[in-house]
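Contents: one structure, followed by commentary.
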Amino acid sequence: MIRHLLSAADLDADTATLILDTAAEMATVAGREVKKLPALRGRTVVNLFYEDSTRTRISFEAAAKRLSADVINFSAKGSSVAKGESLKDTALTLQAMGADAVVVRHPASGAPHRLADWVDGSVVNAGDGTHEHPTQALLDAYTMRSRLGRLAGLSVAIVGDVLHSRVARSNVLLLSTLGAKVTLVGPPTLIPVDIPAALAPGTQVSYDLDAVLPDADVVMMLRVQRERMGDSYFPSAREYARRYGLDAPRMRRLAEHAIVMHPGPMNRGMEISPEVADSPRSTIVEQVTNGVSVRMAVLYLLLGGK
Ligand code: NCD
């Protein structure tokens, strides 16, 4: 097993499949009255969040607790980071406290890689800037596999703000490792020309959502990340929704079995309409549930589980 999970590119097909299979076993724990395993008793997991998060932070916390680890939640607000403490000094503090794993979210791409040089424990990237979010890709793959029965050969359309999306990057890497075919869809301003081929050869690009929908097994909608946008990347929210938003009439172009995903948080009415988000095709709530099992599997395997 690998020591850190920094990028979806750290995972070969066997390791990724082992994580998904382990997550399926972990999911059975969630169905029990006592949702707990003793596997990580006495181990310490630190959640180090320098950026806002709801789902991911709670999910890692629940995962560590279900494995009986001690969990320390650190958020940059209200800590000495607000006083200007560097990432390195914070890392050394965690090290001194004996953290076995550090789960880190940071606005700077590459911060988890730096952190991995400074601590002895395992580092898990919970989202770094616009770079990567490997456990999101794993929970997305898990969700596709459990809904559609396989990953190899699936056609996956990833739609919207690809430029700012660490979710898209990690998904392209992992899905190509696992044999799915990815098409990135969005306005040309939000799909960097060099990205698709550099990440994974064979990744397709389209600027026409309606043309892509009939052949997709999975449509993954991305949040328009206004907080990371300096300039104007499209004329207006209305125009964006009209061309790239998934609404009910568009959803009818999908094949019977196709599913709709979104990592959350959603801009309802922009990239996805409420009708679509709440439809039976939507896996949005399942993705959150599956996230806990997948993160349990990651922590368990990184910290030496068999
Ligand atoms: C994503 C993230 O933070 O990268 N959300 C998440 O982890 N569930 C996607 C986003 O913020 O749009």
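Read the numbers this way: they start at 1 and go in the same order the structure lists the ligands and their atoms.
- Screening residues 267-281 for side-chain hydrogen bond (donor to acceptor under 3.5 Å, both in side chains), with sequence neighbours left out, gives His262-Glu271, Asn267-Glu271, Arg268-Asp278.
- Here the protein heavy atom with the shortest distance to atom 8 (N) of ligand 1 is Pro263 O, 3.0 Å.
- Contact check for Val46 versus Met97: no side-chain heavy atoms found under the 4.5 Å cut-off.
- Residue, atom and distance of the protein heavy atom nearest to atom 7 (O) of ligand 1 are His133 NE2, 2.8 Å.
- Within the 4.5 Å cutoff, the side chain of Arg295 has heavy atoms near those of the Thr56 side chain.
- Taking 4.0 Å as the cut-off between side-chain N and carboxylate O, Asp21 and Arg145 count as a salt-bridged pair.
- Taking every heavy atom of Gln136 and a limit of under 4.0 angstrom, the matching atoms of ligand 1 come to 6 (C), 7 (O), 8 (N).
- The heavy atom nearest to atom 9 (C) of ligand 1, out of those in Ser59, Gly129, Gly264, is found in Gly264.
- Between Glu227, Gln287, Arg105, Arg166, it is Arg166 that holds the heavy atom closest to atom 4 (O) of ligand 1.
- By the 4.0 Å N-to-carboxylate-O rule, Arg223 lies too far from Asp161 to be salt-bridged with it.
- Interface atoms of ligand 1 facing Thr56, defined by a heavy-atom separation under 4.0 Å, are 6 (C), 7 (O), 8 (N).
- Shown in contact with Val167 at under 4.0 Å from a heavy atom are these atoms of ligand 1, numbered in order with element: 1 (C), 4 (O), 9 (C).
- In terms of protein heavy atoms, atom 10 (C) of ligand 1 is closest to Arg223 NE, 3.4 Å.
- Under the 4.5 Å side-chain criterion, counting only non-hydrogen atoms from C-beta, Arg114 is not in contact with His106.
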